[in-house]
Structure formats: structure tokens, C-alpha cells
2 protein chains.
Amino acid sequence: MQDYDIVVVGAGILGISSAYHLKANNPDKTVLVVEMLGDVGQGNTGRSNAMFRNMFTSKENRELADSAIDFYSHIQHDLKRDVGVDKIGYLWLMSEKQLSASERHLRRMENSGVEVRRMGESELKSRIPGIETNQDSDEARVMSLEDVTAGLFGPKCGRLAPDRLASFYRDGFVAKGGVMLFNRRVARLLIRPRESTGFDGEPFVWQESGVSGVGLADGETIGAGTVVVACGAWNNELLDPIGIDGHAKAKKRQLFAVPVGTDASLKELLFARGFNESGTLPFLILPKSGLFVKPVKESNEFWVGCEDEFNRPFISYPEHDLEKYPAEPKYYEYNLHQVLREYLPQFERSRPDRMWGGLYSYNTLDNMPYVFGHEGLIVVGGDSGSGVMKGDSLGRIVDAFYRGGEGSEVTLYGGRPFKTSKLGFRRRDVEREDWIL
Amino acid sequence: MQDYDIVVVGAGILGISSAYHLKANNPDKTVLVVEMLGDVGQGNTGRSNAMFRNMFTSKENRELADSAIDFYSHIQHDLKRDVGVDKIGYLWLMSEKQLSASERHLRRMENSGVEVRRMGESELKSRIPGIETNQDSDEARVMSLEDVTAGLFGPKCGRLAPDRLASFYRDGFVAKGGVMLFNRRVARLLIRPRESTGFDGEPFVWQESGVSGVGLADGETIGAGTVVVACGAWNNELLDPIGIDGHAKAKKRQLFAVPVGTDASLKELLFARGFNESGTLPFLILPKSGLFVKPVKESNEFWVGCEDEFNRPFISYPEHDLEKYPAEPKYYEYNLHQVLREYLPQFERSRPDRMWGGLYSYNTLDNMPYVFGHEGLIVVGGDSGSGVMKGDSLGRIVDAFYRGGEGSEVTLYGGRPFKTSKLGFRRRDVEREDWIL
């Protein structure tokens, strides 16, 4: 196959956003995106919870997310392309203990200008139909559920449609002359010395060497001046063999779609008033195990999920077929539903009618994404489940890295300057994120 | 099998040093060490290069290494147990470019009281028999070898015998009542909720849960109040399944033993004068690819090795049998020897007569070791090839973590205070190490 100046591996949100910005800013370069699935955003991007927030303690996380969200709003409102941006807000329900443990982080956010509205128990009761703030049943005691005494509402948070967002980038990329190669999987990175000696066994340890292209699973190879690895959960598969640490591991995440049907109490909850212009419940985070409830009014359902940490395995080399990571009905039944029905009794008889699994790619060191490189190689990832909401910013950083290297500066959407070296590992300089779902 | 208060998994230097200090400071606790091999220090500890140094840019690295080295000297000189401590020194040979790039780090070390002697080219030539500082041959040009213009000599660096050191800890541990279980492999960590409900499927996501013991490969289980995971390159195998990031990956490292035999020029090099009390060449690091030469006078040989980074694969889940990671004769022939003979022509006709491989466990984020925990669990590792030289300090930190948790303070040997939280991941606070071999 022909060579390209740039080959981007992976057409999830990080890959396709990178490809878009690379082609836009380097119009004379040939750019190819190779994707193992049949279109953009069909892997973990399309399976994601698709929420965004500006509530982060880390300055860099706020910058990355703020800029990307502004750009997504710009796509939707100025460019008139519907990518599903809907600022329904996030509402953290908290126990007294949690609130007091969070105060420090909360103040950091407030002092940085993040809009957060505090709500008391009575306000929560009046706004969230049927909520049970008082946890004194036997079941609640067994699960150590705590009373809800406060809510933290972030009005600038919301949801979007990641598949439509990925399609926006795809169309722009192709319109500018970028090439997409679907249903082909990159199996390995090709390497070569900067200056070949012609001897067998290259590269030798005394040679400077770098990445020179990709090898596909079917045996074909594609040469590239620069390869951008944006494979999310699968980054290690390409990077470990060439001795580069991918700094992330995957974890299965599950979503359970619970139909509202004609249940009046669920419907009332779905369309809870007074939070947002959509006239729906905000994205709700319960005060136990990161359990969350997302209202999806267009399909008349809730999505329920949870961020389990301990005892949810890390996966260094995930399988390519995401069907190997299905949602587990018992996980809903014995884990999520038990907690959910205590705080929101209208879910008592509810069961999911659809469910799916996907993979988050965690950089557990500081819970922050990375962009770093080697000769002929740029790697983006480690977004720890927040790739969609930072995708545009990370794509711009990949492009800046391509043009100017690790020390370059990029202007994120909205004019925010950002140093690419901050997300690298040589001079990494990011505030650790402490506001985890 | 019976339960223990503490089960330490792995009897490499980190495991056995931890067990020793745990038993010494918690004499009433029952402590078991489980090791897959037949004795202590028989895995990567015994295969290591067994060098130690006090030349680090990271304050924490200096504290850890200084204290451990002082303790090893104390064992040898005061306790009269020969653990092979021999301060032969490290000598970095540098090109002008390397020296100038290193000046900043070098000054940091000097300002911190690290003894470093700078040597000029003529001094190097007079002290290192046969050294070729001038690299202008065709071969040198092909390999981009640079002239040696300076040497940095660290007299407080040296070598020791890691198997004897591990045996010292083993004997002390057993004398205090500790129990060793050899030739048994821990295959998994057992987990349980803090408070059981009696229902099937525990632990549920709404339960606080932790590690409660170990499962052996043969199916037996051992209960434990606390499990210390000190498996080095194999940490991920136990940690990933329970969703805990081991923050390290393994890489193969190789050592090639080149016999001196009756070769006069090699002998002269081995016994180079004026560097140390042993009357040998110091540990020599060449200005290319981290290639090093270690004099081993008692066996009349040199050990040659190299720290290859790019294109040396990372291994997330190494095989248990280290024979699967053999040294590669061609690696010596076409990589190391090519460089070695240019700087030290007396190696021209030399070939190794023994060679072996082993695994380093790298924490590539800051190149610093870690000690962190979860309920019922303490993990130590990520030493990135410097476990032997910091083993005593890390063992003391594991014990302090056991007694006082992550926030506790420990007194390292020699009275140096150290906060255990510095090496954890919640409040990690270590200077990144910039002085890599």
C-alpha cells in the first residue's frame, strides 16, 4: 500500500479528532486513518456514557474539557450540526461525610470559577420526585447507605452524542482530503533506524531508531512519516512490543438502559423540572459506589451505571471484539439495583431491557490523559473515561505535537494556550484529578 | 493451611527484607513468606547486576539508597556477615555533549553532598589501560560514537552479593520465628467484604472489601490479615485481577560474562589501579546506549550489559520460568561488542562464556519505587532495577505502612526520617529520577 505522511491508528474520538486537526493544519500532508471497525466512533467511544462536565479539580482537566465543550457547542449552534450537546447538568447527591471530605476540592473548583450550586436536603426533596434522602431501613444499614444531606449541581455539565461528534470530525477530515481505511486492524508498529547500515538485525542498540509505519493484521504494511497511536484500551498491544509504556490499563464499564414505559413515577423523575432547559432530571450521582442515573428522554429511559474500582479487573491487552465484555445482568440485579431502589424507590420493580459493556482506559497515576512521543510516533490516551469530553482539545494537542514537538504551545478552542509538554511524561506537569465520579 | 497475620508473597530482596523488618517490629505477629522458587533471592534478585550507587538526582532515591547501603555496610563490617559490599566506584565516561546535557543534574547531586570526582581525558587515559577516547574510525562513525572527554567517578558506589544479602534477611527472619514456604506459587489474591452479608456473589459493589489471603497454584489457600505483594516483575499477575494497578512493567535485561583468562591486556584493565581499595577497575559506563562493564575479580571476568529502551519489549505478564528470558548471543555480538571494542580495544577478540537474562520491573512514570496499599494489602515494587540497593529501606517502609498506614513516618537506617506516603500513589511526592544508567 502507499505511504502516508501521517497514519492515525484508531477512529475513536481521540483518533478522529486528531486526524481532523492534523489534516486541517497540515493540508499538504497525506493523512490516513486506519480503523478496525466499520466506521468512526463504533468502539468504546460509541458505547460510552457520553457525558461531559466542567467540574474538575485539576486545572489542566478544566482547560481541556472547557475548550472541547465550547467547541462542541460551537459545532452545534454556530455550524448547525447537531452533535447532541444538551446541558442537563450533573447533580452529585452527597452524605454529610462525603460533603465534608469534598469541601477542599469543592472550594478549589469554586475558586477557579467553576459554577456549582449547592442544594440542601429539602430542595433536593422538592425537586427530585420520590427521592429517599433518609436511609434507615435494614437494607440501607446492611449496605452502609448514608443519608443524602446535600446536592452539588453543575449546570455547565451535560450530555452529547459521541457517534455524531465522531461523524462531524470524519466528514471534515474527508472533505479536506483525508483518507479513511475501515475494517482493517493495525497489528504492529514498524520500526527502522534513522540511518540504515544495510546490515541484518537492525535496529541495533547503538542506532537511533523510530517508528516508520504500521503492519496490518492481514500482513500488509503502510509506511508513515509519523504514526499516531490512538487505540484507547488497545494502546498497549502496539506499544509494549516496541518497549514504550502505554501508561494505561483497561477496565470494563457497563451501562444498563432501564425503560420508563408507562410508569408514572419513573416518568415524573425523568422529567423533573427546574434543573435545565431540557426539562429533565440532571445526570444524577448517588452517594454510594459512584452509582449514576442518566436520563435519556428521547428514548424514554434511564441509563444506570457505576464506577467500580476494587475487584473490577484491569486488562492490559483487551480482546478486539467488545462483545467479549458484555454487561452482566447480575451486576445490575445485586449491585446497582440494590442501592438504586433505596434512594429512588420508583426503580423498585424496574429492570433493564438493554445493556452493554465497554472499556475505559485508565491512567491511574494522576487520572489525566497523555500525549507523548518518540521518533516517528505520537501517542494519545489515558483519558480514563473522559475522552469524549476532552477529545477536541487532545486532537489539537496531537497536531501541535506533530508540528512543533513536545515543547510546543497550542491554542485550544476559545483561545486558551496550553503547553503540549504538560501531557507528556518527560516534563509532565498536570494537577492530579481528585474529583472522580 | 493455617492462617497468618501477614503473608509476604515473593522472597526476592524486597519480599525478604520486608518480612525481616515486619517480623522484627511485630514479634507477636505470625509472618509467612511464600516463594515459588527453592530459596530466597533466586529469581531476578540473584540474576541482577548487583550494583549500588548513591548518585541519584532524586532526593528520595538518595535517601532510600544511602540508608540501605549504610545498613549493608553495617551488616558486613559490624555484624561481620559478608554480603559482598565492595565500593569499587562507578565511572561514567562521557562525551562533551553528554556532560553538558548532564551538568544540571550533576550540580543537583553535588549540591546535595553526593561525592563525585570529575576526571579529564588525560586522567582517564592514564588510569584506564587501553581506553580509546578518540572515536574517528569508520565503525565509530557508523555507530555515531562520540569522543570521551570526561569521566564522573562516584567513589561511594559499588557492588554487593544479593544472594548473600537475601540469605542474611532470611536467617534473621527465621531466627525470629518467621516461616518460609518455598516451591509454592501464589496464583491469586483472596478477597472478602469487611462485613459479610452471607449472600452469594460477595463482595458486592456497595461493600467495603479487601484482601484476605492468598490462593496457591496447587489450589490451597492461606488466610492473612495482611498480604504483602513483593513479586517484582510478576506483581501485575496478582493485582490486575482485583483491579489494582501494579504501576510497573517488566523488561528483559541481559548480562554477558566475558572471561579474562590469560589475556594480559584484559587483566591489566580488570586490575586498573588508583580507583578503589579493591584495586580494580570501577563499574564503567560507556557513552553509548548505557553500555556498562563490571569487573568481577574473584571470577576473573567482566560482566557486560546495556540498558536498551526503545524496541526492547515491555512485558505485562512475564512467564514464571526465567529461563524463558535467556540472554541472546547475537545481542552481545552485534550490539554490545561493536561498541565495547571501539572504546576498549582489548575486548576485540573477547566473547562471553556465560550469559543470563532476567527481568527489571519498571515504573516508567518517575523511575521511582512504590509502596502503597488497600485494605488487607500492601504492595512494594516498581524499583526499576534498583531493588537490591534500596531493598532495606523499602522493607522498613513496608513495615511502617503495616503498623501505621500510608501516613506514617519511618526511620530508615542511620536515623533518616521518611514519610511512607511519599512512595504511595494517593499523595505521591517523589522527585523524578533523571540520572538513569
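Numbered from 1 within each chain, the chains take letters A, B, ... in sequence-line order.
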Measure the spacing between CZ of F425(A) and OG1 of T364(B) and express it to the nearest 0.5 Å. 7.0 Å
Is it true that atom CZ of R426(B) has more than 12 heavy atoms of other residues, nucleotides or ligands lying nearer than 6.0 Å? no
Can you tell me how far the CD atom of Q207(B) sits from the CG atom of N335(A), to the nearest 0.5 Å? 8.5 Å
Looking at R432(B), E195(B), E208(B), which makes the most heavy-atom pairs under 4.5 Å with chain A? R432(B)
Should the ring pair H374(B) and F310(A) be called parallel, tilted or perpendicular, given that the plane angle runs from 0 to 90° and is split at 30 and 60? parallel
Bottom line for E375(A): the part with an atom under 4.5 Å from chain B's heavy atoms is neither
Is the side chain of S289(B) donor-acceptor paired with the backbone N or O of V205(A) at a distance under 3.5 Å, no angle test? yes
Drop me the distance from L365(A)'s CG to N363(B)'s CG, to the nearest 0.5 angstrom. 7.0 Å
With a 4.5 angstrom heavy-atom cut-off, is it the side chain or the backbone of I191(B) that approaches chain A, or both, or neither? side chain
From H247(B) NE2 over to K249(A) NZ, what is the distance, rounded to the nearest 0.5 angstrom? 8.0 Å
I'd like to verify something: which residue of S144(A), G201(A), G210(A) has the highest number of heavy-atom pairs under 4.5 Å with chain B? G210(A)
Counting heavy-atom pairs under 4.5 angstrom with chain A, the leader among S209(B), P193(B), C306(B) is S209(B)
Mind ranking G246(B), P203(B), P241(B) by heavy-atom pairs under 4.5 Å with chain A and telling me who comes out on top? P241(B)
Can you tell me how far the CZ atom of F204(B) sits from the CD atom of E333(A), to the nearest 0.5 Å? 10.5 Å
Whether the side chain of K288(B) engages the backbone of W206(A) through a donor-acceptor N/O pair (distance < 3.5 Å, no angle test) should be reported. yes
S316(B) versus chain A, the contacting section by heavy-atom distance below 4.5 Å: both
Looking at every heavy atom in both Y317(B) and F314(A), which two are closest together, and how far apart are they? OH-O, 4.2 Å
Quick check on the interface: out of I242(B), V142(B), D366(B), who has the most heavy-atom pairs with chain A under 4.5 Å? I242(B)
Toward chain B, the part of F199(A) with a non-hydrogen atom under 4.5 Å: neither
Check for a donor-acceptor pair, side chain of K251(A) on one end and backbone N or O of G243(B) on the other, with a separation under 3.5 Å. yes
For each of D308(A), V339(A), I244(A), tally heavy-atom pairs with chain B at distances under 4.5 Å, and name the one with the top tally. I244(A)
